[in-house]
Amino acid sequence: MTQVVATTPGLFPLPDWAKDELSRLKGHQKSDLVSGEEGPEIVDAYDRAREEVVGVQTDAGLDRVTEGQLRWDDMIAHPLAVADNVETRGIVRYYNNNNFYREPVVTGDLEASGDVAGELDATAEHVDAGLQAVLPGPYSLADLATDEHYGDEAAFLDAVADFLAAEADQFPDVETLFLLEPSLVENAPGEGADERASEAIDTVASAVDADVVAHTYWGALDEKVYAHLMDAAVDAIGFDLIADHEQNVYNVQEYGTKDDVALGLVDGQNTFVETPETIRERVEWFVEQTDGDYDTVYATANTELFYLPQNKFEAKIEALADAAAIEEVEA
């Protein structure tokens with residue numbers, strides 16, 4: 001029997017009150033975005049917002065609770081944006097959508113800041129069980145950044161992986177770590193780089209004593225990239241069934257997958273709220289199509305959730321939790 005675990009890939013919308021309060025405290029310029037050196041009023045606002053979104057997840061019944069990444073002004077580029085020896089320069093488009101982030105330019109040796117670990121420490125105070133960490137995957141983070149120090153793509157990827165592993169090494173106890181790897185789909189690595197991407201994921205995954213999910217989205221992986229990702233020492237690979245269910249299923253049929261799997265079952269960028277029954281049917285369909293005897297299915301949104309209004313975000317996580325509670329899946 002398969003256990004269905006309701007979770008999310010994090011990066012939540014700010015509560016409406018926090019948007020207003022932080023807009024007043026921070027301003028609206030590039031220089032006003034989070035740098036890791038915020039004053040006490042801003043820190044307090046984020047602390048209250050974090051506690052609220054933890055409560056929202058708990059009340060909804062999610063099995064895994066994230067910090068929400070409310071301070072991540074730069075989306076998954078955030079860990080670099082607040083690190084030493086990194087300059088944030090021009091505003092660039094975040095993949096193929098209408099969001100933008102400050103380009104992190106690495107100008108010296110990367111060292112973990114403890115920023116993400118500190119957020120998790122604060123979150124752990126409000127979570128009894130099921131704490132989940134979220135980090136950008138090393139390939140995606142390197143893809144979003146610019147290197148002006150290491151001078152070589154392979155060396156830069158290794159440095160980013162070591163940087164993330166050092167950050168993860170400072171985490172409190174977590175049950176699950178989601179590594180977000182949209183660039184594996186959006187800017188697929190070529191010959192040689194695909195194997196290095198898998199090895200970089202190994203580096204980060206080995207830094208935590210937790211179940212690790214390499215979550216991909218905005219489509220399906222190229223077959224060779226997928227085959228190399230299967231070599232990574234992760235517990236589950238994430239599949240975006242909203243953007244491309246057919247190719248994702250084909251990859252699993254052709255190359256297999258891990259004993260656990262993460263499924264993007266609700267649309268993180270669309271305000272339409274899926275019913276728990278529809279979500280559960282999608283789980284059952286995937287299990288049937290892949291003839292999978294999975295230990296765990298992580299039922300999640302396909303993408304980050306900050307695109308949504310607060311009320312739609314809350315409705316979608318409630319639907320995920322309700323779907324996971326319907327019944328166990330038989331392979």
Side-chain angles (χ1 to χ4, degrees), residues 9-11 33-37 66-67 69 71-89 92 94-95 101-123 132-174 176-184 186-187 189 192-210 212-216 229 232-234 304:
L11 282 91
L33 300 180
V34 165
S35 66
E37 299 178 356
T66 77
E67 182 269 328
Q69 295 72 48
R71 294 175 58 249
W72 290 26
D73 286 331
D74 299 286
M75 285 72 84
I76 65 172
H78 169 85
L80 277 182
V82 299
D84 291 337
N85 295 325
V86 178
E87 298 178 8
T88 53
R89 296 183 185 169
V92 292
Y94 182 63
Y95 296 104
Y101 70 100
R102 295 171 296 177
E103 178 188 19
V105 180
V106 177
T107 59
D109 287 348
L110 288 173
E111 295 183 4
S113 67
D115 184 274
V116 179
E119 292 174 332
L120 280 168
D121 284 334
T123 307
Q132 176 178 298
V134 173
L135 280 174
Y139 179 76
S140 294
L141 187 56
D143 181 47
L144 293 175
T146 298
D147 171 36
E148 290 188 355
H149 176 66
Y150 292 95
D152 173 82
E153 286 187 6
F156 184 50
L157 179 59
D158 287 346
V160 169
D162 289 341
F163 164 76
L164 290 170
E167 185 73 29
D169 186 56
Q170 300 179 52
F171 287 175
D173 290 339
V174 298
T176 312
L177 167 61
F178 262 54
L179 294 176
L180 306 186
E181 282 285 16
S183 288
L184 287 177
E186 287 287 299
N187 186 22
D194 45 13
E195 184 175 0
R196 290 195 297 273
S198 174
E199 292 169 351
I201 290 170
D202 282 347
T203 297
V204 184
S206 65
V208 294
D209 183 16
V212 179
V213 179
H215 188 54
T216 66
L229 185 57
V234 297
E304 315 104 321

- [ ] Measure the spacing between CD of Q170 and OG of S113 and express it to the nearest 0.5 Å.
- [x] 7.5 Å
Task: Minimum heavy-atom distance between Y94 and L144, given as atom pair plus value - done: CE1-CD1, 4.2 Å
TODO: Can you measure from CZ (R102) to CE (M75) and round to the nearest 0.5 angstrom?
DONE: 10.5 Å
Task: Listed partners of E153 passing salt bridge (charged side-chain N to carboxylate O under 4.0 Å, His left out), at least two apart - done: none
Task: Closest contact, heavy atoms only, D147 versus G151 - done: OD2-N, 2.7 Å
Open item on the list: Measuring only between side-chain heavy atoms, which start at C-beta, is P138 closer than 4.5 Å to L164?
Closed with: yes
TODO: May I ask you to check whether over 12 heavy atoms, not counting those of D84, lie within 6.0 Å of atom CG?
DONE: no
Task: Approximate separation, where rounding is to 0.5 Å, of N85 CG and L80 CG - done: 11.0 Å
Open item on the list: Check whether D152 reaches the backbone of A155 with its side chain - one donor and one acceptor, N or O, closer than 3.5 Å.
Closed with: yes
Open item on the list: Are L141 and F163 packed together at the side-chain level, in the sense that at least one heavy-atom pair is separated by less than 4.5 angstrom?
Closed with: yes
Open item on the list: Suppose we screen for side chain to side chain donor-acceptor pair (under 3.5 Å). Which residues come up paired with D109, at least two apart in sequence or across chains?
Closed with: H149
Open item on the list: Whether the side chain of S206 engages the backbone of D202 through a donor-acceptor N/O pair (distance < 3.5 Å, no angle test) should be reported.
Closed with: yes
Open item on the list: Would the distance check show the side chain of Y139 and the main-chain N or O of D194 forming a donor-acceptor pair, the cut-off being under 3.5 Å?
Closed with: no
TODO: Determine the minimum heavy-atom distance between R89 and T107, stating which atoms define it.
DONE: NH2-CG2, 4.0 Å
Task: Side chain E148, main chain V106, donor-acceptor under 3.5 Å - done: no
TODO: Identify the heavy atoms of A145 and F156 that sit nearest to each other, and give their distance.
DONE: CB-CZ, 3.9 Å
Task: Atom pair CD (E119) and OG1 (T66), whose distance is rounded to the nearest 0.5 Å - done: 10.5 Å
- [ ] Evaluate the side-chain proximity of V134 to P9: yes if any heavy-atom separation is below 4.5 Å, no if none is.
- [x] no
Task: Set of side chain to side chain contact (heavy atoms under 4.5 Å, CB included) partners for D158, sequence neighbours left out - done: none
Open item on the list: Rounded to the nearest 0.5 Å, what separates atom CD in Q132 from atom OG1 in T176?
Closed with: 5.0 Å
Task: Main-chain N/O of A117 paired with E167 side-chain donor or acceptor, under 3.5 Å - done: yes
Task: Atom of L184, atom of A197 and distance for their closest heavy-atom approach - done: CD2-CB, 4.1 Å
- [ ] List in chain and number order the residues that pass side chain to side chain contact (heavy atoms under 4.5 Å, CB included) with A168, two or more places apart in sequence or in another chain; answer none if no residue qualifies.
- [x] L135, F171, A207, V208
TODO: Ignoring hydrogens and angles, tell me if any N or O in the side chain of D74 forms a donor-acceptor pair with the backbone of A81 under 3.5 Å.
DONE: no
Task: Minimal non-hydrogen separation, V174 against A210, with atom names - done: O-CB, 3.3 Å
TODO: Find out whether V116 and Q69 are in side-chain contact, i.e. whether some heavy atom of one side chain is under 4.5 Å from a heavy atom of the other.
DONE: no
Task: Working for side-chain hydrogen bond (donor to acceptor under 3.5 Å, both in side chains), residues T216 and E181 - done: CA-CA 5 Å; T216 66; E181 282 285 16; over 6 Å; no
Open item on the list: According to side chain to side chain contact (heavy atoms under 4.5 Å, CB included), who are the partners of T203, at least two apart in sequence or on a separate chain?
Closed with: A161, D162, A165
Task: Under 3.5 Å side-chain donor-acceptor pair for T88 and E103 - done: no
- [ ] Would you check if V212 and L179 make a side-chain contact, meaning some heavy-atom pair closer than 4.5 Å?
- [x] yes
Task: side chain to side chain donor-acceptor pair (under 3.5 Å) partners of D143, counting only residues at least two apart - done: S183, N187
TODO: Determine the interplanar angle of the H78 and W72 rings, folded into 0 to 90°, and report it as parallel if under 30°, tilted if 30 to 60°, perpendicular if over 60°.
DONE: parallel
